[in-house]
There are 2 protein chains.
Amino acid sequence: MIKEKGLSYTQAREELIDLLLHASTPLSYDNIKNSLSMDKATFYRNTALFEAAEIISSFESNDKKRYYFIEQNLHPHFICTNCNSIECLKEDIIYALNGYKIESITIKGLCPRCQKNE
Amino acid sequence: MIKEKGLSYTQAREELIDLLLHASTPLSYDNIKNSLSMDKATFYRNTALFEAAEIISSFESNDKKRYYFIEQNLHPHFICTNCNSIECLKEDIIYALNGYKIESITIKGLCPRCQKNE
DNA sequence: AAATTAAATGCAACTAAGTCGCATTTAATA
DNA sequence: TATTAAATGCGACTTAGTTGCATTTAATTT
């Protein structure tokens with residue numbers, strides 16, 4: 001996967017891909033810094049590289065942090081503006097936009113739990 | 001509009017609402033700081049307040065800045081991951097998500113111009 | 001209309017996610 | 001194994017956004 005894109009294989013990169021592959025939701029540096037053996041700078045340099053190589057995608061959440069994920073099949077991510085939780089939406093809302101290339105879809109609003117407690 | 005939500009009417013708030021109402025795309029503080037007579041702190045305090053009152057919405061773009069807008073009719077915003085441009089999409093891709101309240105939709109990818117130059 | 005008071009503002013100091021320069025280490029190739 | 005270009009770690013730095021506090025302003029009371 002890494003080699004396929006012409007990038008050299010390192011332990012840090014393998015570790016990072018592995019974490020993202022097995023995650024059930026997008027992850028921020030903060031989420032996984034304790035599980036990472038690499039430095040913060042290395043994390044960000046590699047995520048930038050992987051994004052450019054289109055191995056991973058990311059978005060900025062409400063909490064000022066960037067979340068990274070490997071897009072298995074294009075699906076929207078929902079961010080709750082109240083509790084900041086992030087979840088993957090199952091519903092396959094795939095639309096083609098003429099001339100655009102879609103990399104990720106983010107929907108913001110209130111999750112069911114927060115909407116109830118309004 | 002401001003009064004309707006039980007907020008007190010000030011010159012700064014009127015100015016802010018006015019700018020966002022007449023904007024054709026979402027705006028960041030950086031975009032309009034030269035047109036604003038209020039302080040940065042006041043800008044951010046008021047945007048936070050307006051968001052809580054559901055008068056405005058916002059999203060974080062690729063450039064680490066937050067963009068604010070008044071949602072006239074729910075439509076997606078497209079952010080180009082290459083040139084960071086932001087545009088409003090006309091196509092009404094409105095879907096109901098059971099139990100969720102949708103406040104904004106952001107689609108990231110390559111805009112037509114950047115996709116051509118790949 | 002002046003007095004009162006709670007809320008809004010400006011200023012400057014601060015916070016923290018993410019970036020950068022540089023010395024050191026590691027992966028890939030000869 | 002030797003070579004070299006790329007990857008890493010560390011610490012300093014950047015900057016969008018936040019916070020504390022003194023001052024001003026809007027809304028209400030008398």
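Per chain, numbering begins at 1; letters A, B, ... match sequence-line order. Just so you know, these numbers use all the heavy atoms, side chains as well, and skip hydrogens, waters and symmetry mates. A quick note: this is a predicted structure, and the numbers were derived from the prediction, not measured.
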#### Entry: A:Lys64 vs B:Asn46, nearer the 5' end of DNA chain C by closest nucleotide
B:Asn46
### Message
Does this structure show an ion pair linking B:Arg66 with B:Glu60, if we count only N-O contacts that are shorter than 4.0 Å?
### Response
yes
Euclidean distance, atom [atom1] of residue [X] to atom [atom2] of [N] [Å, nearest integer]:
X: B:Phe43; N: C:dC11; atom1: CZ; atom2: P; value: 17 Å
X: B:Ile17; N: C:dA8; atom1: CD1; atom2: C1'; value: 15 Å
X: A:Leu49; N: C:dA27; atom1: CG; atom2: C1'; value: 15 Å
X: A:Leu16; N: D:dT8; atom1: CG; atom2: P; value: 10 Å
X: B:Asp63; N: D:dA16; atom1: CG; atom2: P; value: 9 Å
X: B:Glu51; N: D:dG17; atom1: CD; atom2: P; value: 11 Å
X: B:Glu15; N: C:dT9; atom1: CD; atom2: P; value: 10 Å
X: B:Lys65; N: D:dT14; atom1: NZ; atom2: C1'; value: 13 Å

### Query
Among the nucleotides D:dG17, C:dT9, D:dT8, which one has an atom lying closest to any side-chain atom of B:Thr10?
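Taking heavy atoms from C-beta onward, the closest nucleotide is C:dT9.
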### Message
Counting only side-chain heavy atoms from C-beta out, which of D:dA16, C:dT19, D:dA6 sits nearest to A:Tyr44?
### Response
C:dT19
### Query
When you measure from every atom of DNA chain D, which of residues 29-42 of chain B have a heavy atom less than 4.0 Å away?
B:Lys40, B:Ala41
### Message
Looking at C:dA8, I'd like to know if its phosphate oxygens (OP1 or OP2) sit under 4.0 Å from a side-chain N or O belonging to B:Ser8.
### Response
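Checking C:dA8 against B:Ser8, a side-chain N or O does come within under 4.0 Å of OP1 or OP2.
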Have [X] and [Y] got a donor and an acceptor in their side chains that come within less than 3.5 Å?
X: A:Asn31; Y: A:Lys65; answer: no
X: A:Thr25; Y: A:Glu87; answer: no
X: B:Ser104; Y: B:Glu71; answer: no
X: B:Ser37; Y: B:Glu15; answer: yes

### Task
Using the test side-chain contact (heavy atoms from CB on, under 4.5 Å), find all partners of A:Ile32 that sit at least two apart in sequence or belong to another chain.
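Listed in chain order: A:Leu19, A:Leu27, A:Leu36, A:Phe43.
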### Task
Give the angle between the helix axes at the two ends of the helix from C:dA1-D:dT30 to C:dA30-D:dT1, taking five base pairs at each end and rounding to 10°.
40°
### Query
Should A:Phe50 and A:Ile70 be marked as a side chain to side chain contact (heavy atoms under 4.5 Å, CB included) after you check the CA-CA gap, both sets of side-chain angles, and the distance that decides it?
CA-CA 10 Å; A:Phe50 290 163; A:Ile70 293 177; over 6 Å; no
### Task
Measure from the ring center of A:His77 to the ring center of A:Tyr67 and say whether it is less than 6.0 Å.
no
#### Entry: Nearest-0.5 Å distance, CD1 of residue A:Ile105 to CD1 of residue B:Ile105
9.0 Å
### Task
Could you check whether B:Arg66 gets within reach of a base, just the sugar-phosphate, or nothing at all, counting any heavy atom under 4.0 Å?
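Result for B:Arg66 = sugar-phosphate.
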### Query
For the side chain of B:Arg45 and the base of D:dG17, is some donor closer than 3.5 Å to an acceptor across the two?
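Not at all, since no donor on one side and acceptor on the other fall under 3.5 Å apart.
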